[in-house]
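Structure record follows, encoded as structure tokens.
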There are 2 protein chains.
Amino acid sequence: MPAKASAAPSETAERIVETAMELIQTRGFSAISYQDISDRLAIRKASIHYHFPSKADLGIAVVEAYAAALKAHMDAIIADDALTSIAMFDRYCQPFRQLAATPDKICLCGALAGEILALPEPMRPIVKAFFAVHEAWLERMLARGIERGEVRKDIDPAGAARLIFSSLQGALLVRRTADDRNQVEDVIATIKAQFLAPPA
Amino acid sequence: MPAKASAAPSETAERIVETAMELIQTRGFSAISYQDISDRLAIRKASIHYHFPSKADLGIAVVEAYAAALKAHMDAIIADDALTSIAMFDRYCQPFRQLAATPDKICLCGALAGEILALPEPMRPIVKAFFAVHEAWLERMLARGIERGEVRKDIDPAGAARLIFSSLQGALLVRRTADDRNQVEDVIATIKAQFLAPPA
DNA sequence: GTCTATACAAAGATAGAC
DNA sequence: GTCTATCTTTGTATAGAC
């Protein structure tokens with residue numbers, strides 16, 4: 001029963017998705033093939049096609065899994081109402097820090113966004129929704145911080161959320177190429193200093 | 001005399017580079033082919049191979065041309081010593097605004113950075129140098145602005161330069177997918193408000 | 001559910017005529 | 001400098017045995 005949107009995936013299907021995710025994060029969607037995945041899993045190409053008939057099916061499964069994992073992470077942060085704004089942001093950044101700690105991974109949706117017009121059409125709205133969800137989460141966090149007096153009143157939550165999210169995506173992109181370990185940390189530190197410092 | 005690093009390129013070679021650049025900015029390097037270019041130019045694949053024997057040769061020519069054009073733009077800004085910091089930044093942003101005005105183009109090096117590990121090895125250091133040059137330029141602009149009292153003294157020019165450059169790259173990436181015309185303008189406005197406002 | 005085998009198209013690249 | 005023709009490899013995908 002392959003490629004069913006919300007069926008419990010078999011273990012093999014999960015390993016395929018995980019491997020594909022890593023490969024896309026390092027090389028991009030256009031550049032990877034069923035052969036690349038089958039090499040890593042010691043499984044045949046045809047077996048991958050059994051679970052994911054087309055490359056579009058596989059891509060959709062990968063991006064849905066990624067988006068769902070990060071959504072759960074964000075929901076968990078929101079659920080803890082006692083957190084300060086800066087603690088919320090630190091927890092939000094954790095997955096991005098983890099990516100920055102790898103030698104060559106970037107955000108899956110950042111990688112896909114760079115080649116969005118080369119993607120199978122059904123993948124695109126999922127990437128789009130991912131960005132919208134993250135920017136909305138950041139905007140809400142900032143608005144809450146202003147209410148609580150933890151964030152400067154003179155910032156625009158929507159504009160700042162866009163800057164923050166864009167800079168995190170861009171920082172991951174740039175740091176991999178620049179091979180500079182501090183790129184992402186510098187950006188996070190600057191965001192905190194400029195946007196999450198208590199009002200003067 | 002094709003593929004010579006600094007020979008004057010023929011007009012056909014120039015048209016090939018220009019077309020390839022646009023295609024890479026919209027679809028990515030891995031996703032485009034000699035066939036795509038030959039279709040657009042009403043020329044045969046073999047003719048492109050005459051000018052650029054391998055895809056790596058073509059990629060190098062494209063990224064070198066792009067980097068050189070933006071380098072000239074930055075040099076022209078630096079040459080005008082009378083500009084205020086905010087005027088310098090506005091002129092710096094002009095090429096990025098132009099990209100944001102297209103339906104589907106992002107920074108060439110942003111697109112390439114997303115698939116850096118899938119690129120022919122000789123292309124990579126050129127992308128890397130592009131990022132280093134831009135961040136250094138922004139850092140210098142900010143440091144000058146602090147000296148002139150146009151930029152807040154409490155910011156770290158290196159960290160802020162990284163945030164600004166990352167956010168511009170990220171904003172182009174996100175706005176294309178989000179199809180949101182204001183993404184890039186919002187980010188530029190927020191940068192100005194937070195980093196280029198006069199000291200309190 | 002995984003395998004072998006294969007079909008079919010597209011890719012990068014070269015040879016050689018004009 | 002551009003063309004036609006062709007080679008070789010790779011990629012996505014399917015058929016059918018086990």
Side-chain angles (χ1 to χ4, degrees), chain A residues 1-4 7-24 26-63 111-112 115 117-123, chain B residues 1-4 7-21 23-24 26-63 111-112 115 117-124:
Chain A
M1 204 178 283
K4 266 277 192 60
S10 74
E11 210 195 301
T12 303
E14 275 174 5
R15 289 171 63 218
I16 292 167
V17 166
E18 195 130 325
T19 303
M21 193 182 293
E22 282 191 29
L23 286 169
I24 295 168
T26 51
R27 304 172 45 80
F29 185 78
S30 303
I32 68 157
S33 67
Y34 277 61
Q35 188 64 58
D36 294 326
I37 299 166
S38 83
D39 287 345
R40 289 215 181 184
L41 293 179
I43 200 181
R44 296 288 142 178
K45 280 197 292 177
S47 304
I48 304 176
H49 278 286
Y50 169 78
H51 293 283
F52 304 98
S54 77
K55 201 180 172 187
D57 295 321
L58 176 56
I60 291 165
V62 169
V63 65
L112 295 177
E115 48 183 345
L117 292 173
L119 299 182
E121 205 280 325
M123 292 178 67
Chain B
M1 203 177 283
K4 264 278 190 59
S10 73
E11 210 197 299
T12 304
E14 274 174 6
R15 288 171 63 219
I16 293 168
V17 166
E18 195 130 325
T19 303
M21 193 183 293
L23 286 169
I24 296 168
T26 51
R27 303 173 45 81
F29 185 78
S30 302
I32 67 158
S33 67
Y34 277 60
Q35 189 64 57
D36 294 326
I37 300 165
S38 83
D39 287 345
R40 291 216 179 183
L41 293 178
I43 199 181
R44 297 288 143 177
K45 279 198 295 176
S47 304
I48 304 176
H49 278 286
Y50 169 78
H51 293 283
F52 303 98
S54 78
K55 201 179 174 189
D57 295 321
L58 176 56
I60 291 165
V62 169
V63 65
L112 296 175
E115 48 184 345
L117 292 173
L119 299 182
E121 206 280 323
M123 292 178 67
R124 301 182 202 173

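All chains are named by letter (A, B, ...) in the order of the sequence lines, taking the proteins before the strands, and each is independently numbered beginning at 1.
- Comparing the end axes of the helix from C:dG1-D:dC18 to C:dC18-D:dG1, each fitted to five base pairs by superposing C1' atoms of four pairs onto the next four, gives an inter-axis angle of 0° (nearest 10 degrees).
- In this structure, A:Lys55 NZ and A:Ser30 OG are separated by 6.0 Å, a value rounded to the nearest 0.5 Å.
- The interatomic distance linking B:Glu11 (CD) with D:dT2 (P) rounds to 10 Å, in whole Å.
- Applying the side-chain hydrogen bond (donor to acceptor under 3.5 Å, both in side chains) test to A:Ser33 and every residue at least two apart in sequence or in another chain returns A:Asp36.
- By the side-chain contact (heavy atoms from CB on, under 4.5 Å) test, A:Ala46 is found to be paired with no residue, residues two or more places apart in sequence or in another chain being considered.
- Considering every non-hydrogen atom in both B:Glu115 and A:Arg27, the closest pair reads CB-O, 3.8 Å.
- With rounding to whole Å, A:Asp36 atom CG is found 8 Å from D:dT12 atom P.
- Under the 4.5 Å side-chain criterion, counting only non-hydrogen atoms from C-beta, A:Ile48 is not in contact with A:Leu41.
- C:dT4 atom P lies 5 Å from atom CZ of A:Arg44, rounded to whole Å.
- Here D:dC3 presents its P atom at 10 Å from CD1 of B:Ile48, a figure rounded to the nearest Å.
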Give every donor-acceptor pair under 3.5 Å between a side-chain atom in residues 16-24 of chain A and any protein atom, sequence neighbours left out.
| unit_1 | atom_1 | unit_2 | atom_2 | d |
| --- | --- | --- | --- | --- |
| A:Thr19 | OG1 | A:Arg15 | O | 2.8 |

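- Counting non-hydrogen atoms under 4.0 angstrom, A:Ile32 reaches the backbone sugars and phosphates but no base.
- Note on B:Ser47: every side-chain N or O is 4.0 Å or more away from OP1 and OP2 of D:dT2.
- Here B:Ile43 contributes atom CD1 and B:Tyr50 contributes atom OH; the two are 11.5 Å apart, rounded to the nearest 0.5 Å.
- Taking side-chain N and O atoms only, B:Thr12 has no distance below 4.0 Å to OP1 or OP2 of D:dG1.
- For C:dA10, the OP1/OP2 oxygens have no side-chain nitrogen or oxygen of B:Ser33 closer than 4.0 Å.
- Here the OG-OH distance, from B:Ser47 to B:Tyr34, works out to 11.5 Å after rounding to the nearest 0.5 Å.
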Margin query: For a quick check, with a 4.0 angstrom heavy-atom cut-off, what is the B/S/- contact string for nucleotides 13-18 of chain C, read 5' to 3'?
Written below: BBB---
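- In this structure, A:His51 atom NE2 and D:dT14 atom P are separated by 16 Å, rounded to whole Å.
- Residues passing the side-chain contact (heavy atoms from CB on, under 4.5 Å) test with B:Pro120 are B:Phe29, B:Ala56, B:Pro122, B:Met123, sequence neighbours excluded.
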